[in-house]
Amino acid sequence: MTHVLAAVAWPYANGPRHLGHVAGFGVPSDVFARQQRMAGHDVLMVSGTDEHGTPILVQAEREGVTPQALADRYNRVIAEDLQALGLSYDLFTRTTTRNHYAVVQEMFRTVHRNGYLVERTTMGAVSPSTGRTLPDRYIEGTCPICGFDGARGDQCDNCGNQLDPVDLKNPVSRINGETPKFVESQHFFLDLPALAEAVGAWLETKTGSPSWRPNVLGFSRNLLEEIRPRAITRDIDWGIPVPLPGWEENPTKRLYVWFDAVVGYLSASVEWARRTGDPEAWRPYWSEGARGAYFMGKDNIVFHSLIWPAELAGYDGRGSRGGRPGAFGDLALPSEVVASEFLTMEGRQFSSSRGVVISVRDVLSRYQPDALRYFLSAAGPEAHDTDFTWREFTRRTNDELVAGWGNLVNRTASLVAKNVGSIPEAGDLTDRDRELLATTSGAFGVVGDLVATHRQRQGLSEAMRAVGEVNRYLSETAPWALRTSDPDRMRTVLHVAAQGVSDCRGLLAPYLPHSAQAVHEVMGGTGTVSPMPELREVDDLDGGSPYPVLQTPRGGDGAPGWGSVPVVPGTPVGKPTPVFTKLDEDVVETELERLREEQAGG
RNA sequence: GGGGCAGUAGCUCAGCCGGUCAGAGCAGCGGACUCAUAAUCCGCCGGUCGUGGGUUCGAGCCCCACCUGCCCUACCA
């Protein structure tokens with residue numbers, strides 16, 4: 001038994017999340033966490049909404065609400081969506097809790113005390129009307145190199161050169177059109193060069209690890225080569241105050257959103273522990289022997305393989321300036337950074353502004369969560385970008401999920417119900433029977449290894465192969481033809497088939513938890529085999545406003561392990577109702593039409 | 001500009017460290033079966049593995065160049 005921290009990227013609360021988001025961090029982390037729990041590990045899966053930073057501020061102003069009100073709204077929307085998908089967080093919280101503020105400030109103070117935060121004067125763009133930092137990406141102007149008009153502050157999309165916004169000609173704020181002012185400002189920088197050796201050494205230990213994708217490792221190493229100190233404060237009034245005299249009282253200086261967002265993994269662990277009644281319960285998940293798996297999309301790699309490890313190394317005092325850990329003690333760096341590539345939508349990149357988008361909520365309002373989970377697990381962007389199309393979604397659902405797995409459950413349950421009424425006893429097993437049972441029970445080892453090393457697509461394909469084997473077994477043994485000729489043999493076959501279905505259910509449970517539960521019940525089982533997250537309203541632990549959290553009941557009596565569990569003869573099985581809904585072919589056209597309208601209107 | 005990924009049957013893709021690796025699913029065609037959400041099972045058809053070089057006894061798998069598409073480049077998973 002190992003302590004496993006499943007650290008899931010924090011969705012940004014400036015709007016509902018779309019399919020690409022849950023393909024990147026959501027489904028893969030849940031498949032992993034569920035499988036690891038079944039395998040007997042002690043898993044802590046945490047996340048929450050990321051609620052600070054400029055985009056939320058801008059969006060709130062556009063809507064005429066406070067940033068907190070905007071964050072409240074989308075925090076709830078996102079939590080509800082993730083719940084509906086069945087993501088089994090032990091705690092899904094948010095970054096505007098007092099607990100989070102306190103943990104982030106403790107992180108800052110200790111890293112500062114250890115000497116890894118340095119103060120510098122910078123020249124940066126601010127909005128003349130508000131005095132806030134204007135991020136590079138919000139500045140537009142003429143490229144000083146190629147003369148292109150639509151260059152952004154950080155990069156010219158025309159010639160591809162990286163730019164410094166100070167050099168842009170005719171710079172204009174994309175937020176309100178005013179001309180930005182470039183002013184000197186004091187900021188704290190995370191001294192990455194002083195931590196580069198520690199981070200580099202940590203990365204080196206991951207070379208050759210089956211849990212690291214080579215491109216993530218390569219990309220991360222590359223980042224280390226040209227490492228520079230990085231500003232972690234901003235001129236903005238929405239964020240966590242800098243906990244130092246002279247700064248804390250200043251309403252226009254706040255910590256940079258990314259500095260606080262990654263600390264969320266720790267603060268959420270702490271919050272989870274405090275809510276269990278044992279405030280120290282988070283520690284085993286953050287100690288050296290624990291496994292810490294971080295899930296995100298590829299655009300987040302830098303924060304998880306560089307910035308966060310550097311913050312942790314600075315906190316622990318592992319950089320070139322030495323130091324010692326703060327109140328949380330020595331904190332373990334991630335053991336693996338699992339990054340997905342991107343999901344595209346009908347051949348185009350997801351874009352809310354261009355209407356190339358479908359929200360998680362929309363999909364779940366019309367389709368079963370496991371159909372979406374199946375598609376994303378079978379065809380998601382695990383190793384490279386992949387495309388979501390309605391045609392392929394419909395095909396995967398109908399031909400693989402419904403016709404392959406759903407039908408196997410249905411035909412088996414139906415045969416048992418009609419001919420016996422309960423799971424029959426097995427008589428003498430033939431070689432064919434043993435072969436099938438060896439295949440389905442043996443698949444646990446293979447699928448488990450694949451999921452544990454983040455090769456979930458292959459894992460699912462192996463699980464579905466087992467499904468195919470059971471279908472083939474039924475065709476070959478044809479129990480329906482034995483009813484009168486050899487009822488004893490029929491009972492044995494049905495017993496073996498029921499065992500095969502049970503095994504497949506277990507193999508698929510991490511991927512398809514909703515239907516695993518349903519299949520369990522169709523086959524006469526009782527109790528919970530797939531715990532589901534619950535949305536609860538809770539009080540802030542430190543006197544802030546109440547808020548919703550997701551929590552998932554742990555273990556329980558009926559929680560099955562990772563392996564074949566013998567079916568119990570005599571368990572009553574009635575006439576089954578289908579577990580999955582087959583999609584009508586016109587779903588494709590309907591959805592494409594919806595998308596076209598979205599683009600026309602958006 | 002820098003970095004990365006991909007280019008394998010009509011379609012979507014597997015192919016980990018180079019030696020039954022030329023595969024799977026879908027589509028198409030033919031058969032079987034009828035327990036099951038017209039589901040399932042069997043068989044057939046189908047590819048000079050982007051292009052050109054190189055290394056090797058042997059290369060989708062390694063190296064170089066090129067072509068094409070995509071992504072990241074530090075506040076879109």
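The side chain of A:S475 approaches B:C41 more closely than any other nucleotide in the set B:C41, B:C13, B:C75.
Residues forming a salt bridge (charged side-chain N to carboxylate O under 4.0 Å, His left out) with A:E61 (at least two apart in sequence, or on another chain): A:R132. In this structure A:K582 satisfies the side-chain contact (heavy atoms from CB on, under 4.5 Å) test together with A:N398, A:V402, sequence neighbours excluded. In this structure A:F32 satisfies the ring-ring contact (aromatic ring centres under 6.0 Å, His included) test together with A:F295, A:H454, sequence neighbours excluded.
Mapped onto RNA chain B by nearest heavy atom, A:R455 and A:W480 fall at different nucleotides, with A:R455 at the one closer to the 5' end. Residue-to-nucleotide proximity on RNA chain B shows that, of A:R395 and A:D387, the 5′-proximal contact is made by A:D387.
As a whole-Å value, the separation of A:R228 CZ from B:U73 P is 14 Å. Regarding A:F25, its CZ atom lies at a distance of 12 Å from the C1' atom of B:C76, rounded to whole Å. If you take CZ of A:R483 and P of B:U34, they are 15 Å apart, rounded to a whole angstrom. Remark: P of B:A14 and CG of A:L460 are 14 Å apart, rounded to the nearest angstrom. Taking atom CG on A:L223 and atom P on B:G2, their separation rounds to 17 Å, with Å as the unit. A straight line from CZ of A:F303 to P of B:A74 spans 9 Å, rounded to a whole angstrom. Remark: C1' of B:C5 and CD of A:E382 are 15 Å apart, rounded to the nearest angstrom. If you take CD of A:E585 and C1' of B:A38, they are 14 Å apart, rounded to a whole angstrom.
Counting any heavy atom pair closer than 4.0 Å across all strands shown, A:V579 reaches a base atom. Within the 4.0 angstrom heavy-atom criterion, base atoms lie near A:G20. Counting any heavy atom pair closer than 4.0 Å across all strands shown, A:I301 reaches no nucleic acid atom. Contact annotation for A:R234: base contact, defined as any heavy-atom pair under 4.0 Å involving a base atom. Base engagement by A:F350 is indicated by at least one non-hydrogen atom pair under 4.0 Å involving a base atom.
When the side-chain nitrogen and oxygen atoms of A:R472 are compared with OP1 and OP2 of B:C42, one or more of them lie within a distance under 4.0 Å. When the side-chain nitrogen and oxygen atoms of A:K298 are compared with OP1 and OP2 of B:U73, none of them lie within a distance under 4.0 Å. Within the 4.0 Å cut-off from OP1 or OP2 of B:C76, not a single side-chain nitrogen or oxygen of A:Y12 is found.
Side-chain contact, A:T389 with A:R391: no donor N or O sits under 3.5 Å from an acceptor N or O. For the residue pair A:Q456/A:S377, the side-chain donor-acceptor check at 3.5 Å is not satisfied. A donor and an acceptor atom, one from each side chain of A:D235 and A:H187, are located under 3.5 Å apart. No side-chain donor-acceptor contact under 3.5 Å links A:Y74 and A:R17. A donor-acceptor pair shorter than 3.5 Å can be found between the side chains of A:Y367 and A:E591.
Residue A:R465 places no side-chain atom within donor-acceptor reach of the base of B:A24, judged by atom type and a 3.5 Å distance cut-off alone.
Within residues 397-415 of chain A, the residues approaching RNA chain B are A:D399, A:E400, A:V402, A:A403, A:N407, A:N410, A:R411, A:S414, A:L415, by heavy-atom distance under 4.0 Å.
Listed by first then second residue, pairs satisfying side-chain hydrogen bond (donor to acceptor under 3.5 Å, both in side chains) with a partner in residues 293-309 of chain A read A:S220-A:S305, A:Y265-A:H304, A:Y294-A:W308, A:K298-A:E341, A:K298-A:D385, not counting sequence neighbours.
Counting non-hydrogen atoms of other residues, nucleotides and ligands closer than 6.0 Å to CZ of A:R366 gives a total above 12.
Straight-line distance between the P atoms of B:C16 and B:G23: roughly 15 Å, to the nearest whole Å.
The aromatic rings of A:F25 and A:H21 lie tilted to each other, with the angle between the two planes from 30° to 60°.
Glycosidic conformation at B:G60 (O4'-C1'-N9-C4 for purines, O4'-C1'-N1-C2 for pyrimidines): syn, within 90° of 0.
Among the duplex regions that RNA chain B forms, those built from at least three successive Watson-Crick or G-U pairs under 3.5 Å are B:1-7 with B:67-73, B:10-13 with B:23-26, B:28-32 with B:40-44, B:50-54 with B:62-66, ordered by first number.
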